[in-house]
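Structure first, then comments.
Protein chains get the first letters and strands the later ones, always in sequence-line order, with residue 1 at the start of each.
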Amino acid sequence: MRGGINRLSYAAELANDLRRTHMCGVLTEADVGREVVLMGWVQKRRDHGGLIFVDLRDRWGLVQVVFNPDYSEEALKKAERIRSEYVIAVVGRVEKRPEGTDNPNLPTGAIEVHVAEARILNAAKTPPFYIEDEVEVDENIRLRYRYLDLRRPEMQRALQLRHRAAKATRDFLDGRGFIEVETPMLTKSTPEGARDYLVPSRVNPGSFYALPQSPQLFKQILMVSGIDRYFQIVRCFRDEDLRADRQPEFTQIDMEMSFVTAEDVMEVTESMIAEICQQTTGLEVTVPFPRLTYQDALNRFGTDKPDLRFGLELVDVSDLAAGCGFKVFRSAVQAGGLVKGILATGCGGYSRKEIDELTQYALTYKAKGLAYFIVTEEGLKAPITKFFTKEELATIQTRFGARPGDLILFVADQPSVVYAALGALRKMLGERLGLTDNADYRFSWVVDFPLLEFDADEGRYVAVHHMFTSPRTDDLPLLAEEPGRVRAQAYDLVLNGVELGGGSIRIHRRDLQEQVFTAIGMSADEALEKFGFLLEAFDYGTPPHGGIAFGFDRLVMLLAGRQSIREVMAFPKTQNAADLMTGAPDTVSRGQLRELHIGLDVKKEDK
RNA sequence: GGAGCUGUGGUGUAGUCAGGUCUAACAUGUCUGCCUGUCACGCAGAAGAUCGAGGGUUCGAAUCCCUUCAGCUCCGCCA
């Protein structure tokens, strides 16, 4: 019985004989005196009885339209029925606003449109939330009514920014001689990497396509084909758990070039990123981007995707810890681990509870605890100072450059745990201390990744990047004997703690590719079965080549200053990979399954 | 697979830790009436929630316990 529902019974009027002449948001004083036809949504109606103001909205903005019996009695009558989000058309004249009634908060605030004729093109129920920026609505509701959410100016700006980023990308790469080539969405499942989304083949019972995790193999094949410079703004699919910056389907800027070195790829990339920034937000980016090695990144920041907007670098005290009286430190080093710390500037006043919170946080990264010192005028204070000599305490304070009022936090463990825990702690402290300026964009390259790493669960080496990445030629002799020490010709582009993209020079020779397959424990038979076409292609004259791929959503997210890629995607999915608007994924009919020769093995809930 | 946070009229929140004074409060929105210069219009009035769902404890549950659902953040997973 809500009024909004009854309103819908009003017959909609047609606009067949009207042509929209202007957009709402673009009218200015230069248009004064002009007869216009506007169409849009009602943002707000202000009813003064004998006079009604309506803020009319379209993608370009708002303009005030005025219903006054002096202009049209009939239009005023109609305006009384108008409600928020009605779609209306108005015919009228642009006029300068009366003296003293300008609205400086509105780009169109100096003018208004005097309505001679109005039509209600469609009524609207009262929307479940306000169509305006900075609404704090439950994401459930935003996603269920995504079409309304997308009406908000903020979301419209995000989609426009995304469009401009895509256009800048295409324009730039076109100018550099790249051509966009589409690759299949229905392709072959490959081992390694993420879980595939599978699509059953009706005409090949029992067989499945996989949706691409990336067009990796196709773009390499295109190099074999002599395309030379390929790119694609392409959808990729990975069936893994979601995060703020991970969706099951996402978009990559995918590139590949022939006859290039890593330097060449990085140069093109830097120029492209600079161009995208310039064309979207006007941000001027300085190139080239600083580079750091994988090992440096870990040592200094505890992560291979460091946020370079602030310091708080990790400090190594393993040497000191090895001989100190604190058993936790000493035994960590003896077990082949590290003891590293971070200086939390100005956090010396943290309460026991706050330090406990930090400890809890470190625990989620598998740290066993968090040791700390509070820095005072009299030196370091903490329950654990008794395990250290005066000299040791003084050395620690000096090494951290700690001053009274600071807090020093330590993790002692295996290197991977120390890096993960302190890296996360550093990031959290950076945010908490207000060191992460959204308008500060610090790009960097991380290079010299290891080619392979040992996977304890699998009991074998696995590719860090992917198995088509070329080893550094100077490390080739190590491949057979010490695969863990081989460095890759790979590079990651990092921005403010987010991995934006990664790429590599690829293997282009069959013998080397087969060696790498061997190193990751893939049999010759399996290699032929899964990648025979690639190995065969390598036999037909394959140029040296390399490329890179970017998370387009992440790039746009950062340019838009948002915290989640959902905010820059028109129709994102929830953490359960569901689309709350359409209801996907959903069950299908028995008939569809039968046609695909699929039987289900799930317990059906009684409905 | 795991951890944490959130869920109260249409929307956003208060109330939950110390169960009864909550026959649930506030703001906004909605509806009705009045209003010719508002732009967060104003004024007067009205309607609207059994507190995500289910079960339990209790004389009594929004509040305590268990289960479950949904959203978010994170670990694992994933480049």
Side-chain angles (χ1 to χ4, degrees), chain A residues 1-7 43-55 62-71 76 83-84 97-106 108-109 112 125-132 134-145 148 192-196 213-214 216 236-248 250 252 304-305 357 360-367 420-421 424 427-428 446 449 457 463-466 469 490 492-494 498-504 548-551 554 563-564 566 573-576 578 580 605:
Chain A
M1 279 301 281
R2 286 182 47 226
I5 295 168
N6 289 334
R7 276 190 250 133
Q43 179 72 30
K44 189 85 189 177
R45 183 188 66 141
R46 289 180 293 280
D47 187 344
H48 289 245
L51 178 71
I52 293 175
F53 299 99
V54 166
D55 291 334
L62 291 179
V63 69
Q64 173 166 282
V65 300
V66 187
F67 295 84
N68 184 316
D70 296 347
Y71 317 145
L76 179 67
R83 294 293 183 274
S84 288
R97 291 198 188 186
E99 193 73 34
T101 62
D102 285 14
N103 184 351
N105 301 321
L106 218 56
T108 59
E112 60 190 17
K125 285 195 197 182
T126 302
F129 51 85
Y130 313 125
I131 310 299
E132 60 188 33
E134 280 147 35
V135 285
E136 281 189 25
V137 188
D138 195 276
E139 254 191 90
N140 269 317
I141 294 168
R142 289 182 57 197
L143 291 173
R144 160 126 206 271
Y145 299 96
L148 295 180
E192 310 271 304
R195 250 177 241 115
D196 287 318
Q213 295 178 27
S214 85
Q216 183 61 34
C236 302
F237 306 85
R238 291 176 190 163
D239 186 4
E240 296 293 346
D241 287 350
L242 283 68
R243 290 284 191 281
D245 62 354
R246 275 162 39 187
Q247 283 272 309
F250 60 99
Q252 283 194 343
D304 60 2
K305 43 182 183 180
E357 275 170 23
Q360 283 304 316
Y361 189 60
L363 256 41
T364 65
Y365 292 86
K366 300 272 150 47
K427 191 175 173 185
M428 183 215 222
V446 177
F449 279 82
D457 293 338
V464 169
H465 191 68
H466 56 54
T469 298
D492 272 8
L493 182 65
V494 178
V498 176
E499 183 201 327
L500 269 192
S504 63
I548 192 164
F550 299 91
R554 290 181 185 177
Q563 304 295 319
S564 165
R566 294 189 302 278
K573 293 184 174 52
T574 68
Q575 197 156 56
N576 283 336
L580 296 184
E605 304 255 328

Side-chain donor/acceptor of A:R45 to base of B:C39, under 3.5 Å | no
With no angle test and no hydrogens, is the base of B:U11 tied to the side chain of A:R142 by a donor-acceptor pair under 3.5 Å?
-> no
Mind checking the P distance from B:C39 to B:U28? Whole angstroms is fine.
-> 15 Å
Can you tell me how far C1' in B:G29 sits from the matching atom in B:G12, rounded to whole Å?
-> 11 Å
Just how far, in rounded Å, is [atom2] of [N] from [atom1] of [X]?
{"X": "A:E112", "N": "B:U38", "atom1": "CD", "atom2": "P", "value": "11 Å"}
{"X": "A:E136", "N": "B:U6", "atom1": "CD", "atom2": "C1'", "value": "13 Å"}
{"X": "A:D239", "N": "B:G1", "atom1": "CG", "atom2": "P", "value": "13 Å"}
{"X": "A:K44", "N": "B:U28", "atom1": "NZ", "atom2": "P", "value": "11 Å"}
{"X": "A:Y71", "N": "B:G37", "atom1": "OH", "atom2": "P", "value": "12 Å"}
{"X": "A:H48", "N": "B:C39", "atom1": "NE2", "atom2": "C1'", "value": "8 Å"}

Tell me, for nucleotides 44-54 of chain B in 5' to 3' order, what letter each nucleotide earns: B for a base near a protein heavy atom under 4.0 Å, S for only sugar-phosphate near one, - for neither?
-> -----------
Take nucleotides 69-79 of chain B nucleotide by nucleotide from the 5' end and write B, S or -, depending on whether a protein heavy atom sits under 4.0 Å from the base, only from the sugar-phosphate, or from neither.
-> -SSBBSBBBBB
Counting just side-chain N and O atoms, does A:R46 come under 4.0 Å of either OP1 or OP2 of B:U38?
-> no
